[in-house]
Structure formats: C-alpha cells, structure tokens
Amino acid sequence: MSTTMTHEAAHHEEHPTGLKRWLFTTNHKDIGTLYLWFSFTMFIIGGIFALVIRAELFEPGMQIVQPNFFNMMTTLHGLVMVFGAIMPGFVGLANWQVPLMIGAPDMALPRMNNWSFWILPFAGIMLLAPMFMGGNFASGQGPNFGWTFYEPLSGQYQHLAYFVFAIHLLGFSSIMGAINIIATILNMRAPGMTLMKMPLFVWTWLITAFLLIAVMPVLAGCVTMMLTDKYFGTSFFNAAGGGDPVLFQHVFWFFGHPEVYIMILPAFGVVSQIIPTFARKKLFGYSSMVYATASIAFLSFIVWAHHMFTVGMPVAGELYFMYATVLIAVPTGVKVFNWVATMWRGSMTFETPMLWALAFVILFTIGGFSGLMLGVAPADIQYQDTYFVVAHFHYVLVTGALFGIIAAVYYWLPKWTGNMYSEKLGKWHFWLSVISVNVTFFPMHFTGLAGMPRRYADYPVMFTDFNQISSVGAFFFGFSQLLFLFLVIKTIRGGQKATAQVWEGADGLEWTIPSPAPYHSFATAPEVK
Amino acid sequence: MQNEVTPEQKRRARRTAYWLIAIAVGLYGGYIIYTAVTK
C-alpha cells in the first residue's frame with residue numbers, strides 16, 4: 001500500500017524541468033506562478049516610472065526629465081500597472097486557487113491557459129518598445145497621451161500601430177483567461193460543490209470573468225477604430241470627417257468603468273477569504289456578498305459617463321449618471337458591513353495576511369468615499385483632472401487592488417511553497433508600506449482640492465510642500481516592496497514547514513491537500529458536503 | 001492515479017468556451033458596427 005502511495009506521489013510530481021517546463025506548461029500552478037512573476041516584474045517597471053514622476057515633482061520647475069518624457073511616464077505607469085501588474089496578478093491568483101478551491105484537477109482548457117499567459121510578455125514588449133525607438137530616448141518616443149488615450153491627441157502619436165497591437169494582445173489574453181475561468185468554474189466543480197457553496201474568491205472571479213468578456217471587446221473595438229481612423233481613412237473620432245472625439249470617451253469609459261471593478265472584485269474575494277480565517281468565524285452574510293458582487297458588476301455598466309461630467313452633457317444625463325454612481329455605495333456598503341460583522345466578536349489574530357486585509361477594508365473605504373465625492377456632478381466639475389482624482393484612484397487601486405493581491409500572496413504562500421514566511425519580515429513590510437502609502441497619497445487630496453492639475457510636469461510654488469511629502473512617501477513605498485521580493489524568495493528557498501491547513505481558522509478545499517500543493521492535486525475528486 | 005477530466009467534462013468545457021468566444025467576437029463586431037451607424 002505504502003509502496004503504491006509513494007509511486008503515485010512520485011507520479012504526481014512528474015513534470016518537465018528547466019525552460020521547457022515553463023514554456024510548454026499546461027499546469028495551472030505553473031501558469032499561476034508565471035502570471036504572478038510577470039505581474040511583479042511589471043509592478044517594478046511601473047513603479048520605476050512612478051518614481052521618475054515623483055522625483056520630477058519633488059520641486060517645481062523641470063529638473064530631471066523633459067516634459068514629453070514625463071507625459072510618457074504618466075501614460076506608461078498607468079498602462080503597465082493596470083494591464084501588466086494588477087490584472088495579471090489576479091489572473092495568477094485565479095490560476096493557482098480556483099481549481100484548488102473548487103476541487104478540480106486543473107483548469108478546463110489548459111493549453112489555452114498557456115497561450116493566454118505567453119501572449120502577455122510580447123504584448124508588454126510591444127507596449128514599451130517605442131520608448132527606445134527614434135534614437136532619442138530622453139525626448140520620450142513611447143505613448144505620451146495618458147493611460148486613457150483620448151482622441152484626438154492619441155491619434156497623432158507616431159507609433160500608434162504598436163500601441164493598438166499591444167492593447168489587442170492584452171485584451172486577447174484577458175478574454176481567453178476569462179473564458180477559461182468561466183469554463184472551469186461552470187464545468188469542473190467537485191461533486192457537491194454547488195454554486196452557492198463556492199468560496200467567495202471563486203464567486204468574485206466568476207463575475208469578474210463575465211465582466212471581462214463583456215468589456216474587453218469594447219476596448220478592442222475602440223482601439224480598432226483608432227487604428228482605422230489613423231491608417232485607413234475612417235472618421236469615427238475625427239471631427240473634420242464628421243466623427244466625434246467625445247464618442248471616443250463614451251466608448252472608452254464603457255470599457256473603463258467595468259475595468260475598475262475587474263480590478264477590485266477579486267480583491268473583495270480575497271478579503272472575504274482572509275477575514276473569516278483570522279476571525280475564526282464563518283463569513284457573515286455569504287449570499288448577500290454574492291448578490292452585492294453581482295449588483296456592483298451590473299451597476300458598473302451603467303455609470304460610465306461619470307468620468308466625463310465636464311464634456312458638456314445634458315443636465316438629465318448628469319443627474320442620471322450621478323444617481324446611478326452613488327447607488328454603487330449600497331452594495332459596496334453591504335460588503336464592508338459584512339466584513340466588519342464577520343470580525344465582530346471573532347477570536348481575531350493579526351498575522352500578516354489579516355493586517356493587509358484590514359488595511360484594505362479601511363483604506364479602500366477611504367477611496368470609496370472620495371469616489372462618492374467625485375460622483376456628485378457639480379462637485380466633480382471642481383475636482384475633474386486634479387490630484388484629488390489621483391488620490392482617489394490610488395486609494396482604490398493601490399490600497400484596494402494591490403493590497404488585495406499582496407494579502408492573497410501572504411495568505412496562500414505557505415500553501416504554494418510548503419514553507420512559512422517570516423512573520424517578522426511580513427509585518428515590517430506591512431507597516432512600512434501602509435505608512436508610506438498614506439504619506440504618498442493622502443496629501444494628494446489636499447493638492448487636488450487646492451487646484452493642482454494631474455499629468456503636469458511642473459507646478460506653482462504653492463504646491464511644493466505637499467508634493468515633497470508625496471514624493472518622500474512614494475520612494476519609501478517603492479523600496480519597501482523590495483523587502484516583499486526578498487521575503488518571497490526566502491520563503492520559496494526554505495523556512496519552517498507549513499502544515500496542510502496552514503492557518504488554524506482556514507476552511508476550504510485548498511487546505512485539505514498537503515503543503516506545498518502537489519503538482520497534480522486532488523488525486524480523487526473530493527466530496528463537498 | 002491522477003483525477004482525470006472526464007470526456008463529458010471536456011465536451012462541456014469546450015462548448016462553454018465556444019459560446020463565450022462567439023459572444024466576445026459578436027460584441028467586438030457589434031460595438032464597432034453600432035458606433036459606425038450611430039455616430
């Protein structure tokens with residue numbers, strides 16, 4: 001018996017080694033790992049762009065880069081972080097965790113999974129390559145029109161075809177990833193795992209995947225129209241030919257607003273896994289969490305024009321988009337209430353994943369509140385395109401989405417590697433990050449309310465103090481992430497062995513298999529009662 | 001023994017994927033055509 005078991009265990013670990021393993025892998029764990037490392041690499045690249053921005057803004061006047069290079073940095077920072085760091089980060093988590101959490105042996109379409117990932121590095125290269133074209137690096141040859149690539153400015157960009165192709169590839173990869181996740185969740189669940197028994201992380205990803213399939217084609221259509229406008233004589237967005245630049249903004253934000261939720265819903269899922277574990281209680285209001293997620297996803301389709309209140313739309317339009325926008329606070333409030341209620345009278349402990357999850361709840365809520373302020377049309381006319389907006393979406397995307405990814409990595413790292421990370425280093429990473437992120441972004445509320453516009457390389461002297469505080473915070477935050485890299489590598493290389501359950505309060509199928517998770521998991525399909 | 005995916009599961013997964021691909025492609029073309037005729 002034991003011989004058979006050993007033989008089987010050995011069979012489970014069989015896989016190619018070296019470069020071939022990573023190039024040709026169809027294993028969800030390998031692909032998840034690839035996604036997560038790609039995401040971290042892009043996070044570092046996007047972070048360097050951010051530090052160039054913050055270094056230039058440390059003092060008024062131009063010191064370090066040329067204005068066009070600054071524009072390129074703001075553009076590429078946004079694009080790299082959204083499409084290169086946050087989205088692949090969550091897809092990596094989904095690849096690792098969804099099959100483990102629903103008791104499936106792998107993703108439903110493993111070869112397509114490999115393809116989805118391997119498109120990404122090439123898309124990233126396509127996006128960044130124009131930076132190095134034209135022989136004058138310092139003048140900024142890359143995309144320089146803001147991450148929202150509004151027409152007609154973006155239409156004048158000389159390497160537009162590169163940009164369009166990169167976005168198409170990124171969208172293609174995301175759609176295939178989403179198809180795989182839906183096909184897996186709908187068809188590969190273990191016996192007894194009904195939809196309403198699925199862990200919240202799986203639920204949020206199922207809904208996110210539907211959002212992706214609905215809106216990535218909009219983005220693809222949008223950039224296709226840009227391409228035909230520039231190279232094939234159409235006039236979708238060209239006023240001279242009868243087109244409309246404002247139409248571009250409608251099409252873009254019809255993609256762009258659901259995109260915001262694509263980046264945050266999986267983080268909601270992560271937090272909904274972590275809080276019950278460390279509060280040692282079941283999640284409060286499971287079904288209301290599912291319905292709230294679905295409601296947020298639905299509402300995300302009908303609020304897009306709150307990003308463009310200043311284009312001059314009819315008052316009725318402004319009122320509609322304002323009310324629809326503030327309505328999103330209701331299901332979001334349900335979620336925050338449920339997380340707090342889960343902790344209420346729980347036997348809480350504060351290991352590193354829990355600290356990140358708690359920081360998420362508090363800081364994301366701050367970002368949510370500033371979002372409500374921006375959603376109020378008459379007020380938004382004051383805030384539009386100021387640093388207040390920058391503060392808002394960084395609270396949502398850094399202390400929201402990114403903190404969600406980091407929390408997830410701490411939470412599941414022992415399961416992935418078989419080793420416990422160092423709590424001491426984890427807590428150092430947490431406290432350095434959470435302090436510095438607030439030092440960076442909180443003052444931006446004030447610079448914004450005082451009227452400093454976003455995306456400018458220079459500013460009046462009156463904004464200097466707050467900008468210097470933001471820049472100091474940004475450098476601390478950036479370098480704190482190197483501690484995270486060190487911690488992850490240290491954990492992969494060794495450490496105290498993790499048990500199968502890892503956390504005392506952990507509940508779910510992924511905690512029933514050994515740590516590290518075997519290369520092929522669930523030798524027999526688990527029964528879910 | 002590894003928990004193999006059954007042929008039925010494979011068939012259902014493929015069918016789901018084909019539907020979703022059709023929806024994505026339809027939306028892509030649909031958005032462009034809609035924009036072209038309404039602009």
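Numbered from 1 within each chain, the chains take letters A, B, ... in sequence-line order.
Contact count versus chain B (heavy atoms, under 4.5 Å) is highest, among A/Ile182, A/Val251, A/Asp106, for A/Ile182. Annotation: maximal heavy-atom pairing with chain B below 4.5 Å, among A/Ala108, A/Cys222, A/Ala214, occurs at A/Ala214.
At a cut-off of 3.5 Å, with distance as the only test, a side-chain donor of A/Thr224 or B/Tyr28 sits close to an acceptor on the other residue. No side-chain donor-acceptor contact under 3.5 Å links A/Asn114 and A/Thr25. Defined by atom type and a distance below 3.5 Å, a donor-acceptor pair is missing between the side-chain atoms of A/His28 and A/Trp96.
Heavy atoms of A/Ile213 lying under 4.5 Å from chain B belong to its backbone as well as its side chain. Contacts between A/Met188 and chain B at a heavy-atom distance below 4.5 Å involve backbone atoms as well as side-chain atoms. In this structure, chain B has a heavy atom under 4.5 Å from the side chain of A/Ile175, while its backbone stays farther away.
When the shell of 6.0 Å around CZ of A/Phe298 is examined, it contains 12 or fewer heavy atoms from other residues, nucleotides or ligands.
In this structure, the side chain of A/Asp229 engages the main chain of A/Ser235 through a donor-acceptor pair within 3.5 Å.
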